[in-house]
**Student:** 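One structure, as structure tokens, below. Some questions next.
Numbers for residues simply follow the sequence, beginning at 1. Note that the coordinates shown come from a computational prediction; the quantities given were computed from them, not determined experimentally.
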Amino acid sequence: MSLMDGLTLSQQKAVEHIDGPLLVLAGPGSGKTRVVTRRVAHLVERGIPPWQILAITFTNKASQEMSERVRHLLPDSRVRVSTFHKFCASLLRQYAEIVGLQANYSILDVNDQRALLKEAMQDQDIDTSHFAPDRIAWRISQLKNDLVTADQYADQMRDSAGDLWEVMTGRIYPAYQKKLLEANSVDFDDLLLHTARMLTENEDLRHSLDQKFRYIMVDEHQDTNAAQYQIVRALSQRYPNLCVTGDPDQSIYGWRGARIANILRFEQDFPSANLIRLEENFRSSPEVLAAADSLIAHNTQRKEKHLIPTRPSGPPVKVLLYENGNDEADGIAGRIRLAID
């Protein structure tokens, strides 16, 4: 089988691109995963050593699916397919001492993280009944994903007369981070923050890893946060063979620190980048796509694209109104039940 079999012209162009930055603007149902995995196989076919290729996605499920597809195309491949957090955890095992850890560090689960945070609050004589640890933890997570360290935030808040929660966080964050290091532990967000700092502050290490991972692909780039984007940029300086796929119109993770600007500004950060649009949709009827296009066109932060239907016409789109979210969930579940009975 040829790697180009069954691909559209735009998909073929994305697969065939080798050197230099590439932005693949992939609409929903446009075969994005197929393009990413076949591009991996194409790189290997063209003589790129598999260990120089790194494919990163967000969830374990997506990573597993991508790995399976790559193995189907390259049975004996050593291409690295990983989530951001798993990749960063691996790097920290190798270079833990740079950020004050030991290689056998522990990754805390949510319960252990909250317990340690409460200890830090108690050490600062902060009443956990007045300042909910969950809210403090959420704010610290935000700061870490935005690359704000404990010391930086403490400095910002030291003479601040602003929001009391922010001031309290400015006291708790450094105390919590100190306890993490003393316990040779990290929380989930530290995996990103420590790696980003490590690559930013240690040029020799950054250069070594940039040389090691010469071809990097990032899936769902619209959902990267500041730390994740800094990591992939740091690894794409001398060898800027960075391919990102995504769609600003599908960004849904702003609540966990995702920055839609990362994909919108990609061509500014990498002026030589090629832009390829995957607009053919293989999932939905023309009626659904027309309705989606008419709504999404009102977005102000987006890159222009038009969804091209490949499926035959279907019934008109119906608009259903519900009183609240629970009614909506029940109504949709009921319609699915009727459709499959």
**Student:** Would you say L22 and V244 make side-chain contact, with heavy atoms under 4.5 Å?
**Tutor:** no
**Student:** Give a yes or no answer on whether the side chain of R197 reaches the backbone of N202 with a donor-acceptor pair at less than 3.5 Å.
**Tutor:** no
**Student:** Hydrogens and angles aside, do Q142 and D189 bring a side-chain donor and acceptor to less than 3.5 Å of each other?
**Tutor:** no
**Student:** Measuring from atom CD1 of I98 to atom CG of L91, what distance do you get when rounded to the nearest 0.5 angstrom?
**Tutor:** 10.0 Å
**Student:** Does the side chain of F213 reach to within under 4.5 Å of the side chain of Q52, using non-hydrogen atoms?
**Tutor:** no
**Student:** Please determine whether side chain to side chain contact (heavy atoms under 4.5 Å, CB included) holds for the pair E97 and Q102, giving the CA-CA distance in whole Å, both sets of side-chain angles, and the decisive distance to 0.1 Å.
**Tutor:** CA-CA 6 Å; E97 70 282 355; Q102 299 173 29; over 6 Å; no
**Student:** Quick one about Q122 and T128 (side-chain donor to acceptor, distance below 3.5 Å, no hydrogens or angles considered), yes or no?
**Tutor:** no
**Student:** Taking all non-hydrogen atoms of both residues, which atom of T57 and which atom of M66 are closest, and how far apart?
**Tutor:** CB-CE, 4.4 Å
**Student:** Could you check whether K61 pairs with E65 (Lys NZ or Arg NE/NH1/NH2 to Asp/Glu carboxylate O, under 4.0 Å)?
**Tutor:** no
**Student:** Compute the ring centroids of Y229 and F84, then answer whether they are less than 6.0 Å apart.
**Tutor:** no
**Student:** Out of curiosity, does L181 fall in the hydrophobic cluster containing L192 (side-chain heavy atoms, cut-off under 4.5 Å, transitive links)?
**Tutor:** yes
**Student:** With distance as the sole test, does D146 use its side chain to make a donor-acceptor pair with the main-chain N or O of V148 at under 3.5 Å?
**Tutor:** no
**Student:** Mark yes or no for whether Q152, through its side chain, and T149, through its backbone, hold a donor-acceptor pair below 3.5 Å.
**Tutor:** yes
**Student:** Does NZ or CZ of R93 come closer than 6.0 Å to the centre of the six-membered ring of Y105, within 45° of the ring's axis?
**Tutor:** yes
**Student:** Within the 3.5 Å criterion, strictly below it, is a donor on K32 or Q11 matched to an acceptor on the partner's side chain?
**Tutor:** no
**Student:** Using a cut-off of 6.0 Å, state whether more than 12 heavy atoms not belonging to N326 lie near its atom CG.
**Tutor:** no
**Student:** Between D330 and Y322, is any side-chain donor less than 3.5 angstrom from a side-chain acceptor?
**Tutor:** no
**Student:** Please report the C-alpha distance between R238 and H207 in whole Å, then the side-chain angles of each, then the deciding distance to 0.1 Å, and finally whether the side chain to side chain contact (heavy atoms under 4.5 Å, CB included) criterion is met.
**Tutor:** CA-CA 8 Å; R238 184 173 181 183; H207 175 77; 2.9 Å; yes
**Student:** Using modelled atom types only, decide if a donor and an acceptor are shared between the side chain of T37 and the backbone of R34 within a distance under 3.5 Å.
**Tutor:** yes
**Student:** For residues N281 and S30, is any side-chain donor paired with an opposing acceptor at under 3.5 Å?
**Tutor:** no
**Student:** Do D19 and Y239 meet the criterion of a side-chain donor-acceptor pair at a distance under 3.5 Å?
**Tutor:** no
**Student:** Once side chain to side chain contact (heavy atoms under 4.5 Å, CB included) is applied, do any residues pair with F188, and if so which ones, sequence neighbours excluded?
**Tutor:** H85, L191
**Student:** In Å and rounded to the nearest 0.5 Å, what is the CD1 to NZ distance from I172 to K179?
**Tutor:** 13.0 Å
**Student:** Considering all heavy atoms of both residues, which atom of H17 and which atom of L43 are nearest to each other, and what is their separation?
**Tutor:** O-CD2, 4.4 Å
**Student:** Before giving the answer on salt bridge (charged side-chain N to carboxylate O under 4.0 Å, His left out), spell out for R71 and D76 the whole-Å C-alpha distance, their side-chain angles and the decisive distance to 0.1 Å.
**Tutor:** CA-CA 7 Å; R71 281 196 298 270; D76 300 319; over 6 Å; no
**Student:** Is the terminal nitrogen or CZ of R80 (NZ for Lys, CZ for Arg) located under 6.0 angstrom from the six-membered ring centre of W51 and within 45° of that ring's axis?
**Tutor:** no
**Student:** Give, for atom CG of D219 and atom NE2 of H221, the distance between the pair rounded to the nearest 0.5 Å.
**Tutor:** 11.0 Å
**Student:** Can a side-chain donor-acceptor contact be found between S236 and R214 if the only test is distance below 3.5 angstrom?
**Tutor:** no
**Student:** Please name all residues satisfying salt bridge (charged side-chain N to carboxylate O under 4.0 Å, His left out) with R335, sequence neighbours left out, ordered by chain then number.
**Tutor:** none
**Student:** Does NZ in K13 sit with more than 12 non-hydrogen atoms of other residues, nucleotides or ligands closer than 6.0 Å?
**Tutor:** no
